[in-house]
Amino acid sequence: MLAKSLAVSLLGLTATAIEVEADISSQLPNFVLVGLPDASLSESTARVRAAVVNSGFAWPARRVTVNLSPASVPKQGSAFDLAIAMAVLAANGSVRSDAMADCVLIGELTLDGSVRAVNGILPMVKAARDLGAARVMVSRESLAEASLIAGIHVVSVENLKQAVGWFNMTLVDEGTENICVGRIKGVTADAIAIFDAPDLADVIGQDLAVNSLLVAAAGAHHMMMVGTPGAGKTMLAERLPGLLPDLSVEAALETAAVASIAGRSVFGSDSASLDRRPKFEAPHHSSSMAAIVGGGLRTPKPGAISLAHNGVLFLDEAPEFQTPVLDSLRQPLESSEIRLHRAAGTAVFPARFQLVLAANPCPCGKAFAIEGCKCTAISRARYAQKLSGPLLDRIDIRLVVQPVSALKQKMVREGEVTPALTTAMARSMVAEARLAASTRLKKTPWNTNSQVSANYLRGPLKLPGQATRALDIALNRGRMSMRGYDRCLRLAWTLADLAGRNSPIADDVAQAVLLRGNDNPLGVQ
Ligand SMILES: [Zn+2]
């Protein structure tokens, strides 16, 4: 007897349809799994056999061969258990094989026959739909996540017995049928988002820093902050995601797919609809390469740069990160994705993040302080060199964050200084500026000013000489590099967008020069 079921394999976010074939032959009893299964998949033979028997079905007293094809596609993990068990049960005549023809089966089995959730439900269900399946069967725990994908029927079951019952159409009698027509829940244009994110209004007496953050959000510019410990760098960085607009459904699904593979929640603050807020990832400087860029021996897992996809990646104490980790950021900054090469194949994860770096001015952190720094020239130089030119080249905004003085703190307490901006105000300014930029860039591959190429800046977006006069002089006198020049132009466009101007004026360019800061932000010669 030969029977088939369908499953989906994921490598990175690349999905492949897997056909699970079970054959029962007249040879001596045995259970063989073929088709490049890795070690974790081989363990599923034991789980599947126990689950079938403990669910009250007979295990064939003959040779059972299960083939997963195409064999060339790497297959990992426990998500194939349900499909393997159902193929065997179909070959055995316990379940109607024809009924399973258009249904992808995803789930791990426990020894007692329960169907368990697996990581990566969201991208697997999406893949099942894109591959043309009409239905997908998942565990009860995975129902809500699977239902976020529109255009495919989701059937959820608690155990193997219910799965068999559903295909044999006996499940209705037991009253446990649960079909959900997938849809994106809770996505309405005028929904009022509730944020538990920290507010910009908490930042007082840091007007330059707040303004820089606003510009970074409006133009999606990468940013670096240098300042003594306690100057408020982390406080500022944490507030950047709140200034960013909601993600489009498409972008939110990409980010959620990465979260799903990592075993994280894909739901927003209401715990029911797709999370459309940009993520904030802040890995510690001692984090491993795998934790930051992704990796793992068998199944490549996404790292912080992919979990931050369409959001903010914050590296506090950036010079303390391992040099290879910092160097590895260059590829994703260039191509918005990370390719992880493993023996099993190459996993590709998306990684389009807004980078925020923070650094102390020197290893002891006191270079700006009155009592002075005790670091040696060599240790300061080594510290500064950790942030290499190619990485800094991508950072449009370099900001020096000064601690708020005692006098200013006193004025704040006495109500003489009020916050410059609230997060809500800033977010609406950012939304308007982004709309202006995306309208201007409509016929280009870009949406935000930070993405615009140098050729386009100096071609179709060329500014009149009177606007760029200060920049031109600096360039001609060798006080500014061509790259620095282009970064100033990108910032000037964002400043004009925030001010509601059609095109930057000399004032915007002058402010851009200030925001761009020093080519050598740690100040070591
Ligand atoms: Zn120092």
Side-chain angles (χ1 to χ4, degrees), residues 1-9 18-69 75-101 103-119 121 124 135-143 155-178:
M1 279 290 285
L2 184 73
K4 287 176 190 172
S5 66
L6 293 173
V8 169
S9 157
I18 300 294
E19 203 171 68
V20 182
E21 283 178 301
D23 178 59
I24 301 175
S25 69
S26 55
Q27 289 160 292
L28 286 174
N30 196 1
F31 184 14
V32 184
L33 205 52
V34 292
L36 202 80
D38 84 337
S40 65
L41 194 48
S42 302
E43 290 159 11
S44 95
T45 55
R47 282 196 304 271
V48 166
R49 189 205 295 258
V52 166
V53 172
N54 292 331
S55 300
F57 301 104
W59 185 262
R62 285 173 291 165
R63 182 187 169 93
V64 178
T65 308
V66 171
N67 179 37
L68 304 172
S69 65
K75 304 164 200 77
Q76 292 137 331
S78 52
F80 298 96
D81 286 2
L82 181 62
I84 293 170
M86 294 299 281
V88 172
L89 288 168
N92 204 15
S94 300
V95 63
R96 282 176 49 199
S97 185
D98 59 325
M100 302 197 300
C103 186
V104 167
L105 307 167
I106 305 167
E108 178 184 314
L109 291 173
T110 62
L111 300 182
D112 69 357
S114 299
V115 179
R116 281 271 184 80
V118 292
N119 289 348
I121 282 291
M124 284 195 273
R135 287 176 289 177
V136 61
M137 182 176 273
V138 298
S139 74
R140 190 58 52 87
E141 300 153 76
S142 301
L143 173 66
V155 182
S156 75
V157 291
E158 274 165 13
N159 53 50
L160 193 58
K161 206 171 167 203
Q162 285 183 2
V164 169
W166 195 84
F167 287 114
N168 288 347
M169 292 192 294
T170 57
L171 193 63
V172 184
D173 300 333
E174 295 174 22
T176 43
E177 183 175 19
N178 189 349

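All of these numbers come straight from a predicted model, not from anything done at the bench. Side chains included, hydrogens not; waters and symmetry mates left out as well; all remaining heavy atoms used.
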Pairs flagged by salt bridge (charged side-chain N to carboxylate O under 4.0 Å, His left out) wherever residues 89-101 is involved - sequence neighbours left out: Arg96-Asp98

Enumerate the residue pairs fulfilling salt bridge (charged side-chain N to carboxylate O under 4.0 Å, His left out) with a member in residues 50-61, sequence neighbours excluded, ordered by first and then second residue. none

With a cut-off of 3.5 Å and sequence neighbours excluded, list every side-chain donor-acceptor pair involving residues 105-114.
| from | atom 1 | to | atom 2 | distance (Å) |
| --- | --- | --- | --- | --- |
| Glu108 | OE1 | Ser78 | OG | 2.6 |
| Thr110 | OG1 | Asp112 | OD1 | 2.4 |
| Thr110 | OG1 | Ser114 | N | 3.2 |
| Asp112 | OD1 | Ser114 | N | 3.0 |
| Asp112 | OD1 | Ser114 | OG | 3.0 |

Applying ring-ring contact (aromatic ring centres under 6.0 Å, His included), which residue pairs with at least one partner in residues 79-100 are found, sequence neighbours left out? none

side-chain contact (heavy atoms from CB on, under 4.5 Å) involving Arg63 - partner list, sequence neighbours excluded: Ser25, Gln27, Asn30, Val32, Thr65

In this structure, CD of Glu158 is separated from CZ of Arg140 (nearest 0.5 Å) by 4.5 Å

Is any side-chain heavy atom of Trp166 closer than 4.5 Å to one of Met100? no

Salt bridge (charged side-chain N to carboxylate O under 4.0 Å, His left out) with Arg116: which residues, sequence neighbours excluded? none

Can you list everything that forms a ring-ring contact (aromatic ring centres under 6.0 Å, His included) with Phe57? Sequence neighbours excluded, please. none

Output for pair (Ile84 CD1, Ile18 CD1), nearest 0.5 Å, gives 10.5 Å

Is there a side-chain contact between Met86 and Val164 (heavy atoms, below 4.5 Å)? yes

Does some side-chain heavy atom of Val138 sit less than 4.5 Å from a side-chain heavy atom of Ile121? yes

Checking Val88 against Val66 for the side-chain contact (heavy atoms from CB on, under 4.5 Å) test, could you report, in this order, the C-alpha distance in whole Å, the side-chain angles of both residues, the deciding distance, and whether it holds? CA-CA 8 Å; Val88 172; Val66 171; 3.8 Å; yes

For the side chain of Ser44 and the backbone of Arg47, is there at least one donor-acceptor N/O pair under 3.5 Å apart? no

Suppose we screen for side-chain contact (heavy atoms from CB on, under 4.5 Å). Which residues come up paired with Ala3, at least two apart in sequence or across chains? Ala90, Ala91, Ser97

Residues two or more places apart in sequence or in another chain: which of them pass salt bridge (charged side-chain N to carboxylate O under 4.0 Å, His left out) with Arg49? none

Those residues at least two apart in sequence (or on a different chain) that pass side-chain contact (heavy atoms from CB on, under 4.5 Å) with Asn92 are Ile24, Pro60, Ser94

With rounding to the nearest 0.5 Å, note down the distance linking CE in Met137 to OG in Ser156. 8.5 Å

Kindly indicate, with the supporting measurements, whether the criterion side-chain contact (heavy atoms from CB on, under 4.5 Å) is fulfilled by Met124 and Val118. CA-CA 10 Å; Met124 284 195 273; Val118 292; 3.7 Å; yes

Ser55 vs Asn159 side-chain heavy atoms within contact, under 4.5 Å: no

With sequence neighbours excluded, give me every salt bridge (charged side-chain N to carboxylate O under 4.0 Å, His left out) pair touching residues 24-33. none

Please name all residues satisfying side-chain contact (heavy atoms from CB on, under 4.5 Å) with Asn119, sequence neighbours left out, ordered by chain then number. none

Side-chain contact, heavy-atom cut-off 4.5 Å: Leu89 with Val52? yes

Locate the shortest heavy-atom distance separating Leu6 from Cys103; write the atom from each residue and the value. CB-O, 3.6 Å

Looking only at heavy atoms, which two atoms of Arg62 and Ser26 are closest? And how far apart? CD-CA, 4.0 Å

